[in-house]
**Student:** 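Just passing along the structure, written as structure tokens.
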Amino acid sequence: MSTQVPPTPPRPSRSSQRIRPYQAEDWDAVYDICVRTGAMGEDARGLLADASLLPDIYAGPYLTFEPNLAFVVEDAGRVVGYTLGTANTAAFIETWRERWLPRVASRYPPPVEPTRTTDEWLVSTLHHPERMLTPEIAPYPAHLHLDLLPEARGGGNGRRLLEAFFLAAAAAGAHSVHMGTNAKAAPFFARMGFARLPEADHNNLVFFHGLTGPLPSARAGT
């Protein structure tokens with residue numbers, strides 16, 4: 001007797017994907033995506049002792065204090081990507097220390113320095129939000145994070161998310177933006193008009209962009 005193999009579900013059509021503002025009910029989906037893209041764009045599940053540590057650093061404070069700068073990619077009712085950030089990094093650092101850190105510090109006690117593991121390094125960054133502001137990037141006050149699940153990549157969603165963030169950040173008073181990325185994602189941001197800021201490179205490649213300048217008209221891969 002033969003066994004029938006169920007057909008592979010069809011990949012969702014790009015036409016079903018849309019960019020919209022973040023809503024409070026998207027919180028869990030954004031947290032999940034942050035983990036599933038947390039290893040240089042690849043799945044970070046199983047790599048940390050507490051997977052929530054990543055989004056508690058790279059998503060939670062932004063969604064809590066600047067939700068107006070967060071946008072998601074929705075595909076048939078499912079969130080498959082997002083961008084979020086702040087229009088003023090210096091002010092955001094103060095809010096992080098005064099209002100976010102007290103919410104999560106009991107779960108993540110400060111590690112002994114110098115840190116020895118990835119978990120310890122991440123917890124250290126949680127307790128030292130001032131790491132986000134250095135003299136080299138101070139002229140570019142806004143910063144952002146952008147993450148897409150594989151099914152959301154390659155159809156222009158990255159570009160559309162950037163455009164949504166740029167408009168919102170400019171309306172909030174930011175004149176330029178910076179972000180840290182890795183070598184794998186660097187070509188996309190270069191195509192989007194971001195310029196390299198080598199003097200600010202530390203753990204990541206750092207780029208900046210003038211918010212008032214238009215993105216290139218050609219659609220890019222992400």
Side-chain angles (χ1 to χ4, degrees), residues 14 17 19 22 29-48 51 53-63 69-75 79-87 89 118 121-122 125 131-134 136-137 140-169 174 176-211 213-222:
R14 295 289 183 191
Q17 297 179 349
I19 308 298
Y22 166 81
V30 171
Y31 259 54
D32 180 61
I33 294 168
C34 185
V35 175
R36 292 170 63 191
T37 58
M40 293 192 175
E42 303 301 323
D43 200 333
R45 288 177 293 185
L47 300 182
L48 300 173
L53 176 57
L54 276 172
D56 277 342
I57 297 171
Y58 296 110
Y62 301 91
L63 299 179
L69 296 181
F71 299 87
V72 302
V73 183
E74 185 183 88
D75 191 336
V79 174
V80 293
Y82 65 82
T83 189
L84 44 76
T86 178
T89 299
T118 301
W121 178 82
L122 285 168
T125 67
R131 79 193 187 284
M132 292 186 285
L133 188 63
T134 65
E136 299 89 351
I137 60 177
Y140 316 101
H143 77 260
L144 66 94
H145 300 280
L146 187 153
D147 291 301
L148 299 169
L149 292 178
E151 58 265 40
R153 300 171 189 168
N157 286 320
R159 172 191 170 83
R160 289 189 284 272
L161 284 172
L162 285 178
E163 289 175 329
F165 177 86
F166 280 15
L167 286 171
S176 59
V177 60
H178 72 270
M179 69 167 302
T181 187
N182 55 63
K184 182 179 178 181
F188 164 73
F189 290 101
R191 292 197 300 272
M192 294 296 98
F194 281 74
R196 178 86 175 273
L197 196 64
E199 61 270 26
D201 289 356
H202 298 294
N203 294 313
N204 290 318
L205 304 176
V206 178
F207 291 80
F208 75 92
H209 190 286
L211 289 171
L215 292 176
S217 57
R219 285 182 57 165
T222 298

**Student:** Using 30° and 60° as the class limits, which term best fits the ring planes of Tyr62 and His143: parallel, tilted or perpendicular?
**Tutor:**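 Plane angle over 60°, so perpendicular.
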
**Student:** Please name the pair of heavy atoms, one in Ala186 and one in Leu205, separated by the smallest distance, quoted to 0.1 Å.
**Tutor:**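 Distance-wise, the nearest heavy atoms are CB-CD1, 3.9 Å.
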
**Student:** With side-chain contact (heavy atoms from CB on, under 4.5 Å) as the criterion, how do Tyr22 and Leu84 come out once you've worked through the C-alpha distance, each side chain's angles and the decisive distance to 0.1 Å?
**Tutor:** CA-CA 9 Å; Tyr22 166 81; Leu84 44 76; over 6 Å; no

**Student:** What verdict does the side-chain contact (heavy atoms from CB on, under 4.5 Å) test give for Arg159 and Leu215, after you've listed the backbone C-alpha separation in whole Å, the side-chain angles of each residue and the deciding distance to 0.1 Å?
**Tutor:** CA-CA 8 Å; Arg159 172 191 170 83; Leu215 292 176; 3.4 Å; yes

**Student:** Evaluate the side-chain proximity of Val80 to Leu148: yes if any heavy-atom separation is below 4.5 Å, no if none is.
**Tutor:**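 Contact flag for Leu148/Val80 side chains = no.
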
**Student:** Do the non-hydrogen side-chain atoms of Tyr58 and Thr37 ever get within less than 4.5 Å of each other?
**Tutor:**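 No, side chains not in contact.
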
**Student:** Show the nearest heavy-atom pair for residues Leu54 and Gly38, with the distance to one decimal.
**Tutor:**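 In terms of heavy atoms, the two residues are closest at CD1-CA, 4.0 Å.
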
**Student:** Run the side-chain contact (heavy atoms from CB on, under 4.5 Å) test on Val206 and Glu136 for me, step by step, so that the C-alpha distance in whole Å, both residues' side-chain angles and the decisive distance to 0.1 Å come before the verdict.
**Tutor:** CA-CA 10 Å; Val206 178; Glu136 299 89 351; over 6 Å; no

**Student:** Can you find a heavy atom in the side chain of Leu162 that is under 4.5 Å from one in the side chain of Phe188?
**Tutor:**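 Yes, side chains in contact.
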
**Student:** Going from CD1 on Ile19 to CG on Asn157, what distance comes out if it is rounded to the nearest 0.5 angstrom?
**Tutor:**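 Interatomic distance, Ile19 CD1 to Asn157 CG, rounded to 0.5 Å: 4.5 Å.
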
**Student:** When you compare the side chain of Leu146 with that of Thr181, does any pair of heavy atoms fall below 4.5 Å?
**Tutor:**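 No, every pair of side-chain atoms sits at 4.5 Å or beyond.
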
**Student:** Rounded to the nearest 0.5 Å, what separates atom CG in Leu149 from atom CG in Asp75?
**Tutor:**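 Reported to 0.5 Å precision, the distance equals 10.0 Å.
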
**Student:** For residues Arg160 and Gln17, determine if any side-chain heavy atom of one lies less than 4.5 Å from a side-chain heavy atom of the other.
**Tutor:**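 Sidechains of Gln17 and Arg160: no contact.
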
**Student:** Is the closest side-chain heavy-atom distance between Thr86 and Met132 below 4.5 Å?
**Tutor:**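 The answer is no, as the side chains (C-beta and beyond) never meet within the 4.5 Å cut-off.
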
**Student:** If you take all heavy atoms of Ala142 and Ala174, which pair is closest and at what distance?
**Tutor:**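 Residues Ala142 and Ala174, closest heavy atoms: CB-CB, 3.8 Å.
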
**Student:** Side chains of Phe207 and Val177: closer than 4.5 Å at any heavy-atom pair?
**Tutor:**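 In short, these two side chains do not touch, never coming nearer than 4.5 Å.
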
**Student:** Decide yes or no for Ile33 and Tyr82: does some side-chain heavy atom of the first lie under 4.5 Å from some side-chain heavy atom of the second?
**Tutor:**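 Contact flag for Ile33/Tyr82 side chains = yes.
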
**Student:** At their closest point, which heavy atom of Gly41 faces which heavy atom of Arg153, and how far apart are they?
**Tutor:**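 Taking Gly41 first and Arg153 second, the nearest heavy atoms are O-NH2, 2.8 Å.
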
**Student:** Quick check: closest heavy atoms across Leu144 and Met179, and the distance to 0.1 Å?
**Tutor:**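 So the minimum-distance heavy-atom pair works out to O-CB, 3.7 Å.
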
**Student:** Which heavy atom of Ala169 sits nearest a heavy atom of Leu69, and at what distance?
**Tutor:**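 Here Ala169 and Leu69 meet closest at N-CD2, 3.6 Å.
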
**Student:** With Thr125, which residues qualify under side-chain hydrogen bond (donor to acceptor under 3.5 Å, both in side chains), at least two apart?
**Tutor:**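 side-chain hydrogen bond (donor to acceptor under 3.5 Å, both in side chains) check on Thr125 returns nothing, list empty.
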
**Student:** Evaluate the ring planes of Phe194 and Phe166, with Trp represented by its six-membered ring, and classify them as parallel (under 30°), tilted (30 to 60°) or perpendicular (over 60°).
**Tutor:**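 Correct class here is tilted.
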
